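Encoded as structure tokens, the structure appears first; notes follow it.
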Amino acid sequence: MEQFEKLGLSKEVLVVLEEAGFKKPSEIQEKSIPLALAGKDIIGGSATGSGKTLVFASPIIENLKTDSGVQNRIQALILTPTRELAEQVAKSIKQFSKNRKLNILAVYGGVDIEQQIRRLRSTDVVVGTPGRILDHLKRRTIDLRNVKILVLDEVDRMFDMGFSHDVESILYQCPKERQTMMFSATISPDIDYLATKHTRNAVKISAESQVDPSKLRQIYYDVPTGNKFSLFAHLLKEETTGLVMVFCNTRRNVDFVADNLNRIGIHSQAIHGGLTQNNRTRVLEEFKKENIKVLVCTDVAGRGLDIKGVSHVYNYNIPKISTDYIHRIGRTARAGADGRVINLLSSEDYLLFGKIMEDDSLKKTIKEEPLPEFEFIRIRAEFKRDFSARRNFPRNFQRRDSRQRTYHKPRR
Ligand code: AMP
């Protein structure tokens with residue numbers, strides 16, 4: 001606790017950190033909390049898992065007026081790419097500030113706007129997604145003229161999701177006199193441009209994430225098209241695991257994988273943007289409580305989530321961009337735990353996987369694993385179209401009977 005104390009945090013916050021089991025500051029906390037408390041603008045090159053929430057929460061909790069009692073006085077705005085991240089950040093700030101009287105509200109689409117409008121009147125800190133914040137600005141139901149602290153969390157994600165114009169429109173609605181903090185796992189030229197334009201004498205800080213690279217093992221299997229699901233089911237059954245996150249590139253694939261896992265008795269849940277917000281929240285809660293062991297998700301739904309105990313990340317589809325890959329693998333090997341990333345590669349993934357392997361550090365760490373023997377599993381009929389190449393079984397594919405086939409390892 002002494003080390004946290006040195007950073008300039010108050011007793012009220014230190015007590016909460018102690019209760020939460022924080023023993024010493026993470027790298028980004030050590031480097032940035034004193035600057036953040038001094039009101040400096042910050043550009044942080046750091047991913048989720050680095051402990052950055054406490055960095056931007058610190059000046060919000062320590063420097064803003066609490067219990068101002070003034071209506072329509074939003075003092076801090078935090079923009080996040082997704083609803084889940086908005087909820088997660090709001091929850092963390094509520095926890096860190098539980099000994100202070102700050103009203104914190106997560107604001108995102110897919111939920112009743114009237115209720116949000118009523119609650120916004122007495123909110124000090126808004127954590128929201130760009131779309132919904134812009135919606136409130138257009139309706140004039142949010143007033144950002146008193147914002148003292150502006151935070152952009154996971155800027156690279158917001159840009160990937162096409163929110164760059166929305167983010168900039170929102171920036172223009174905040175007063176010029178303010179503290180701005182931006183965090184991004186990668187800083188591309190357009191993010192750098194936005195950061196330089198909208199910050200003042202910002203201090204640039206980079207730090208490693210909490211993901212421990214020495215604890216993370218990344219492998220790939222090169223599996224014949226049409227056998228991917230069978231191999232995947234085999235690996236899930238074989239490996240003793242904690243929580244498993246499975247990433248697919250489309251909602252349709254997410255549903256397909258989750259449906260077929262449930263059909264063969266592996267309890268799983270799908271999560272993607274097509275679900276109602278209530279359902280998304282419920283599924284996540286069930287997963288966090290470990291009532292569901294396997295969560296199948298799209299990048300949007302799985303982004304930035306901090307879930308303890310994820311031992312395996314499967315890429316059922318290879319992501320289109322390497323930043324998505326980095327974000328996906330960041331869900332495991334957190335806070336000193338072991339983690340495994342398993343890429344399931346078929347011919348349709350080669351191109352995307354080739355792009356990811358252009359990154360030298362990834363090329364060095366992702367190793368090929370020989371295919372084990374596994375049983376062929378029939379895929380549900382209505383999804384056959386996705387697997388049109390099933391007919392082209394490889395040579396070493398032996399049919400045992402009409403229902404059951406076994407994939408035999410090729411002799412090398
Ligand atoms: P964040 O990057 O802020 O989302 O934090 C990632 C996870 O690390 C969260 O579960 C935090 O509660 C946890 N965390 C943040 N800072 C520390 C710390 N100094 N010690 C231990 N855990 C931490």
Side-chain angles (χ1 to χ4, degrees), residues 1-10 13-34 36-37 42-62 76 78-98 104 106 125 127 149 151-158 181-186 205-213 215-216 242-243 245 284-285 287-290 302-311 313 326-337 339:
M1 270 310 112
E2 213 177 279
Q3 289 186 53
F4 276 113
E5 215 171 330
K6 278 193 201 144
L7 303 180
L9 293 168
S10 65
V13 174
L14 292 176
V15 170
V16 181
L17 298 185
E18 190 148 27
E19 279 170 11
F22 288 22
K23 295 203 165 50
K24 61 178 180 58
S26 69
E27 190 186 352
I28 192 131
Q29 289 165 356
E30 193 153 19
K31 287 180 179 168
S32 346
I33 290 178
L37 288 175
I42 289 175
I43 300 169
S46 100
T48 28
S50 57
K52 63 186 157 58
T53 316
L54 181 63
V55 174
F56 58 77
S58 298
I60 291 175
I61 301 166
E62 307 282 11
I78 300 153
L79 292 180
T80 67
T82 65
R83 304 159 179 187
E84 280 77 13
L85 195 57
E87 276 289 356
Q88 189 174 295
V89 167
K91 202 170 153 195
S92 296
I93 301 181
K94 274 182 201 162
Q95 187 202 2
F96 296 142
S97 67
K98 74 175 190 195
I104 299 141
V125 181
V127 191
I149 299 179
V151 180
L152 307 187
D153 196 10
E154 303 213 347
V155 186
D156 50 349
R157 301 253 130 234
M158 292 202 271
M181 289 175 273
M182 296 188 184
F183 295 87
S184 191
T186 50
I205 297 166
S206 68
E208 293 296 320
S209 85
Q210 294 241 110
V211 173
D212 182 346
K215 303 263 182 181
L216 184 67
L243 296 177
M245 285 182 89
L284 271 183
E285 284 309 312
F287 187 59
K288 282 183 187 167
K289 284 191 215 146
E290 305 198 8
R303 208 162 270 178
L305 295 178
D306 177 42
I307 297 165
K308 290 197 173 60
V310 176
S311 64
V313 166
I326 308 279
H327 280 270
R328 287 182 184 187
I329 67 175
R331 305 304 109 225
T332 185
R334 291 167 87 89

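Counting starts at 1 for both ligands and their atoms, following the listed order. Count residues from 1 along the sequence. Not measured: the values here are computed from a predicted model.
Contact between Glu62 and Ser10 at its shortest, heavy atoms only, is OE2-N, 2.8 Å.
The backbone N or O of Glu27 sits nowhere less than 3.5 Å from a side-chain atom of Glu30 that would complete a donor-acceptor pair. Between the side chain of Ser206 and the backbone N or O of Gly45, no donor-acceptor pair lies under 3.5 Å.
Of all the heavy atoms of Phe96, none lies under 4.0 Å from any atom of ligand 1, so neither backbone nor side chain is involved. In Gln29, the part holding a heavy atom less than 4.0 Å from any atom of ligand 1 is the side chain.
In this structure, the separation between CD on Glu290 and CG on Leu243 is 4.5 Å, given to the nearest 0.5 Å.
In terms of polar-atom proximity, defined here as any N/O pair under 3.5 Å, Gly51 does make such a contact with ligand 1. The shortest N/O to N/O separation between Lys24 and ligand 1 falls below 3.5 Å.
When each atom of ligand 1 is checked for a heavy atom of Phe4 under 4.0 Å away, the hits are 19 (N). If you number the atoms of ligand 1 from 1 as listed, the ones under 4.0 Å from a heavy atom of Lys308 come out as 10 (O). Taking every non-hydrogen atom of Ser26 and a distance limit under 4.0 Å, the qualifying atoms of ligand 1 come out as 19 (N).
By the neighbour-count criterion of 12 heavy atoms within 6.0 Å, atom CD of Glu285 is densely surrounded, having more than that number from other residues, nucleotides or ligands.
Closest to atom 4 (O) of ligand 1 by heavy atom, among Thr53, Val89, Asp153, Ile28, is Thr53.
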